2 protein chains.
Amino acid sequence: MVKYMSADVLSKTFAALADPTRRAILSRLTSGEASVSEIAKPFSMTMPAISKHLKVLESAGLVARSKSAQWRPRKLNAAPMKEISEWLDQYRQHWEERLDRLDLYLAKLQQND
Amino acid sequence: MVKYMSADVLSKTFAALADPTRRAILSRLTSGEASVSEIAKPFSMTMPAISKHLKVLESAGLVARSKSAQWRPRKLNAAPMKEISEWLDQYRQHWEERLDRLDLYLAKLQQND
DNA sequence: CATGTACTTAACCATATAGTTATATAACCG
DNA sequence: CGGTTATATAACTATATGGTTAAGTACATG
């Protein structure tokens, strides 16, 4: 069997965001840099588990790591979310109700031809 | 304020969108309903694989199934994407460069107090 | 330089995911 | 009814994911 397909930017970003723990970590980082221990505090899981989640977020480019004494503070990098937001834009018209109603209306007009 | 959203809906939707095959299927469905065979045609994988991807998309509510003779046409339902879009909104200021620069500027002003 | 603090990595386990082939179901058509 | 078309499900395999505990690394400080 062929190795698993290469994970492009969108795939990696969506996958990183698919986990509620990771989304909570990102939310925490909106209020500024935090150490791994600080990030881990609210969660009922071990530090290595948090370390792994951070690694996923870093490899998706959503979090950046720096260095300060024995601390390795993480900071939010929302840039990859922009890719997602722009990808979503092509579907916006499909979920916006007003346009859905317009579609329906136009479809009805077509039927009456 | 950020509206409450079920983490499960977000997780399921993000996970469904994390696969390029599934995103391609959704893209195909923007041009209208399609049968499973039609959906499968551009892909170099078997029908059961496509069936599974469709199941994932359906369980995330991104695709709806109907029935017409021996066909089971699928149609796009973008509604869950709206949840994602709204979730992303809380990060928009973080990726918009102009605002980041403004933040930086305001921070600098604060420092000079 | 020994010890504590803040992580990270390794090894392991259970479950999920993405694919396969083979078989089953469902509807139409002669 | 029997065959064909369209799709679904089952059973299996390989790899990925999310957690654990235990051991390793990096820096700070007494």
Side-chain angles (χ1 to χ4, degrees), chain A residues 1-29 32-75, chain B residues 7-26 28-29 32-76:
Chain A
M1 215 211 97
V2 191
K3 268 242 167 183
Y4 190 67
M5 65 182 86
S6 78
D8 59 311
V9 169
L10 279 177
S11 297
K12 261 196 164 174
T13 310
F14 275 125
L17 296 176
D19 186 282
T21 300
R22 289 195 289 265
R23 290 198 305 277
I25 290 174
L26 293 175
S27 174
R28 163 66 183 83
L29 293 177
E33 271 203 358
S35 72
V36 177
S37 321
E38 284 167 346
I39 291 167
K41 205 156 285 168
F43 300 102
S44 56
M45 62 179 78
T46 60
M47 285 271 289
I50 297 295
S51 249
K52 279 187 171 191
H53 281 304
L54 288 172
K55 213 172 179 185
V56 172
L57 289 168
E58 283 155 40
S59 95
L62 286 161
V63 153
R65 178 205 303 236
S66 55
K67 196 171 165 178
S68 161
Q70 66 268 56
W71 294 275
R72 300 290 177 275
R74 302 312 209 276
K75 126 175 192 258
Chain B
D8 194 57
V9 168
L10 281 176
S11 297
K12 261 196 164 176
T13 309
F14 276 125
L17 296 177
D19 186 281
T21 301
R22 289 195 288 264
R23 291 197 304 278
I25 290 173
L26 292 176
R28 163 67 183 85
L29 293 178
E33 271 202 358
S35 73
V36 176
S37 322
E38 284 167 345
I39 291 168
K41 204 156 286 168
F43 300 101
S44 57
M45 62 178 77
T46 59
M47 285 272 289
I50 298 295
S51 248
K52 280 187 170 188
H53 281 304
L54 288 172
K55 214 172 177 184
V56 172
L57 289 168
E58 282 155 40
S59 95
L62 286 161
V63 152
R65 178 206 301 237
S66 57
K67 197 172 166 179
S68 162
Q70 67 267 58
W71 294 276
R72 300 289 178 274
R74 303 310 210 276
K75 129 175 192 257
L76 177 66

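Because the structure is predicted, anything quoted here is derived from the model rather than measured.
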In this structure, how many angstroms lie between the [atom2] atom of [N] and the [atom1] atom of [X], rounded?
X        : N       : atom1 : atom2 : result
Arg65(A) : dC7(C)  : CZ    : P     : 11 Å
Lys55(B) : dG19(C) : NZ    : P     : 15 Å
Asp19(A) : dG19(D) : CG    : C1'   : 11 Å
Ile39(A) : dA6(C)  : CD1   : C1'   : 12 Å
Ile50(B) : dA18(C) : CD1   : P     : 12 Å
Leu54(A) : dA6(C)  : CG    : C1'   : 13 Å
His53(B) : dA16(C) : NE2   : P     : 18 Å
Phe14(A) : dT17(C) : CZ    : P     : 17 Å

Problem - Ser51(A) side-chain N/O to dT8(C) phosphate OP1/OP2 under 4.0 Å - result: yes
Exercise for the section: Could you tell me whether the phosphate oxygens of dA6(C), OP1 or OP2, come under 4.0 Å of any side-chain nitrogen or oxygen in Ser35(A)? Expected result: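 For dA6(C), neither OP1 nor OP2 has a side-chain N or O of Ser35(A) closer than 4.0 Å.
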Problem - Listed once per pair and sorted, the side-chain hydrogen bond (donor to acceptor under 3.5 Å, both in side chains) pairs that draw on residues 55-69 of chain A, sequence neighbours left out - result: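 Sorted pair list: Glu58(A)-Arg65(A), Glu58(A)-Arg74(A).
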Practice task
For Ala34(B) and for Lys52(B), find the nucleotide of DNA chain D with the closest heavy atom, then tell me which residue's nucleotide is more 5'.
Solution key: Ala34(B)
Handout entry: From dT9(C), dA18(C), dC7(C), nucleotide with atom closest to Arg22(B) side chain
Key =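 Output: dA18(C).
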Practice task
List for me each residue that meets salt bridge (Lys or Arg N to Asp or Glu O under 4.0 Å) alongside Arg23(B), sequence neighbours excluded, and say none if there are none.
Solution key: Asp8(A)
How would you list, by chain and number, every residue that makes a side chain to side chain contact (heavy atoms under 4.5 Å, CB included) with [X], sequence neighbours excluded?
X        : value
Ser35(B) : Ser37(B), Glu38(B), Trp71(B)
Thr46(A) : Pro48(A), Ala49(A)
Ala15(A) : Ala18(B)

Fill in the blank from the handout: Whether each nucleotide of nucleotides 21-30 of chain C has a protein heavy atom under 4.0 Å at its base (B), only at its sugar-phosphate (S) or at neither (-) is summarised, 5' to 3', as BB---SSS--
Exercise for the section: Would you give the length of the straight line joining atom OG of Ser27(A) to atom CZ of Arg22(A), rounded to the nearest 0.5 angstrom? Expected result: 15.0 Å
Problem - From Leu57(A) atom CG to Leu17(A) atom CG, the distance as rounded to the nearest 0.5 Å - result: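 It is 7.5 Å, given to the nearest 0.5 Å.
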